[in-house]
Undergrad: 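Right, I'll just put the structure down here and ask away after.
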Amino acid sequence: MQHESFSILKDEVATSVNKLVNSFLANKEYNQDEVQNWTASLSEDIVKNLKSMSTNFKFCVSCVILQKGDAGMHISTTCYWDSNTDGSVAIKCENNSMYCIVNIFGVSF
Amino acid sequence: MADEGQAPDDLTFTHQELDEKATEAIEAVLASKIYDEKEVSRWINEICERIIKSLYDTRKPFKYMVTCLIMQKTEAGLLTSGACMFEGGTDMMQQFLWPKEKAKDQANKTMHAVVTIFCARF
């Protein structure tokens, strides 16, 4: 289905991605060997999910998994787009051993 | 537009072009700095803005999304990945890590930076 603006999709995207990420993290412990596969498969699952929501948007999903520890971290995003139609959502989730931050950008075409 | 020879360049960005823009912006801001909690939020904004400005100056018909991440170097592990749904021939998404492996000696010893650039043609 087509949407005129990302702001209409925003809540639906936030809810569904929150659910996806939380269920993904639910019973996992940070594991150096596995994490690479996790970030890749999580990003792909999110993109597939978004694809089913709207047909006239391009999406970019960036997923960061950070082990809980002493490190400080900051993330910033800047965008150059049409602010009437395009938008972004940032999702932050965590479990006992790691943080997961997902940035989703939607650009209409 | 009155410029010469625009046809192939106008259609997309190369990996190298984006790499140069990302590296230039990060080096300009982080070159000999130490991780400082009070300054980092200003640095990430500045890096993003420099990259967006240099992309905008190419005057190509693209929308841009730039994400910059700075993490203090400790024992913690960090993984990032990106996935996109876009148009294969013209749109680009790249992630860059700084400092690069081979530049380890001179580069900053206190932090990692990861920049993600997404370009979508309109």
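Chain A is the first sequence line, chain B the second, and so forth, proteins listed ahead of strands; every chain is numbered from 1. This is a predicted model, so every value here is computed, not measured.
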Undergrad: Given a strict heavy-atom distance threshold of 4.5 Å, which part of A:Asp86 is in contact with chain B: side chain, backbone, both, or neither?
TA: side chain
Undergrad: Looking at B:Gln72 and A:Gly72, would you say the former's side chain and the latter's main chain have a donor-acceptor pair under 3.5 Å?
TA: yes
Undergrad: Hey, any chance A:Leu42 and A:Val47 share a hydrophobic cluster, counting ILVMFWY side chains that come within less than 4.5 Å of each other, even indirectly?
TA: yes
Undergrad: Would you say that more than 12 heavy atoms from the other residues, nucleotides or ligands in this model lie under 6.0 Å from the CG of A:Asn96, or not?
TA: no
Undergrad: Please check if the number of heavy atoms outside B:Phe122 that lie under 6.0 Å from its CZ is greater than 12.
TA: yes
Undergrad: How far apart are the closest heavy atoms of B:Met71 and A:Ala71, and which atoms are they?
TA: CG-CB, 4.2 Å
Undergrad: Can you tell me how far apart OG (A:Ser76) and CH2 (B:Trp43) are? Round to the nearest 0.5 Å.
TA: 14.0 Å
Undergrad: Tell me, side chain or backbone of A:Gln32 under 4.5 Å from chain B's heavy atoms, or both, or neither?
TA: neither
Undergrad: Drop me the distance from B:Tyr35's OH to A:Met73's CE, to the nearest 0.5 angstrom.
TA: 9.0 Å
Undergrad: Evaluate the criterion side chain to side chain contact (heavy atoms under 4.5 Å, CB included) for residue pair A:Lys48 and B:Met85; output intermediate values, then yes/no.
TA: CA-CA 8 Å; A:Lys48 283 190 195 132; B:Met85 193 190 84; over 6 Å; no
Undergrad: Measuring from A:Tyr30:OH to B:Leu79:CG, what's the distance to the nearest 0.5 Å?
TA: 5.5 Å
Undergrad: Determine the minimum heavy-atom distance between B:Glu49 and A:Thr78, stating which atoms define it.
TA: N-OG1, 4.2 Å
Undergrad: If you count heavy-atom pairs under 4.5 Å with chain B, which of A:Thr39, A:Val107, A:Val35 comes out on top?
TA: A:Thr39
Undergrad: Out of curiosity, B:Leu69 CG to A:Thr77 OG1, how far, rounded to the nearest 0.5 Å?
TA: 11.5 Å
Undergrad: State yes or no: do B:Met93 and A:Leu50 share one hydrophobic cluster built from I, L, V, M, F, W and Y residues joined by side-chain heavy-atom distances below 4.5 Å, directly or via other members?
TA: no
Undergrad: Quick check on the structure: residues of residues 4-22 of chain A within a heavy-atom distance below 4.5 Å of chain B, by number.
TA: none
Undergrad: Between B:Asp91 and A:Lys58, does any NZ, NE, NH1 or NH2 come within less than 4.0 Å of an OD or OE carboxylate oxygen?
TA: yes
Undergrad: With distance as the sole criterion, is a donor-acceptor pair present between the side chains of B:Thr74 and A:Asp70 under 3.5 Å?
TA: no
Undergrad: Checking B:Glu75 against chain A: side chain, backbone, both or neither under 4.5 Å from a heavy atom?
TA: backbone
Undergrad: Side chain, backbone, both or neither: which part of B:Thr116 has a non-hydrogen atom closer than 4.5 Å to chain A?
TA: side chain
Undergrad: Same cluster for B:Val114 and B:Ile51 if Ile/Leu/Val/Met/Phe/Trp/Tyr side chains link at under 4.5 Å?
TA: no
Undergrad: Who wins among B:Ala113, B:Gly77, B:Gly82 for the most heavy-atom pairs under 4.5 Å with chain A?
TA: B:Gly77
Undergrad: Grouping I, L, V, M, F, W and Y whenever their side-chain heavy atoms are under 4.5 Å apart, do B:Val115 and B:Trp98 come out in a common cluster?
TA: yes
Undergrad: Please report the closest heavy-atom contact between B:Ile44 and A:Ile75, naming both atoms and the distance.
TA: CD1-C, 3.6 Å
Undergrad: How long is the gap from CZ on B:Phe118 to CH2 on A:Trp81, to the nearest 0.5 Å?
TA: 10.0 Å
Undergrad: Nearest 0.5 Å, what's the SG-CZ distance between A:Cys60 and B:Phe86?
TA: 8.0 Å
Undergrad: Do A:Asn103 and B:Met65 have side-chain heavy atoms sitting under 4.5 Å apart?
TA: no
Undergrad: So which part of A:Phe57 gets closer than 4.5 Å to some heavy atom of chain B, the side chain, the backbone, both or neither?
TA: backbone
Undergrad: Before giving the answer on side chain to side chain contact (heavy atoms under 4.5 Å, CB included), spell out for A:Glu44 and B:Ser81 the whole-Å C-alpha distance, their side-chain angles and the decisive distance to 0.1 Å.
TA: CA-CA 10 Å; A:Glu44 277 174 39; B:Ser81 79; over 6 Å; no
Undergrad: Contact between B:Lys63 and A:Asp82 at the side-chain level, heavy atoms closer than 4.5 Å - yes or no?
TA: yes
Undergrad: Decide whether A:Phe105 and A:Val89 are clustered together by the hydrophobic rule: side chain heavy atoms of Ile, Leu, Val, Met, Phe, Trp, Tyr closer than 4.5 Å, transitively.
TA: no
Undergrad: With a 4.5 Å heavy-atom cut-off, do A:Tyr80 and B:Lys53 have their side chains touching?
TA: no
Undergrad: With a 4.5 angstrom heavy-atom cut-off, could you sort out which part of A:Ser88 is near chain B: side chain, backbone, both or neither?
TA: neither
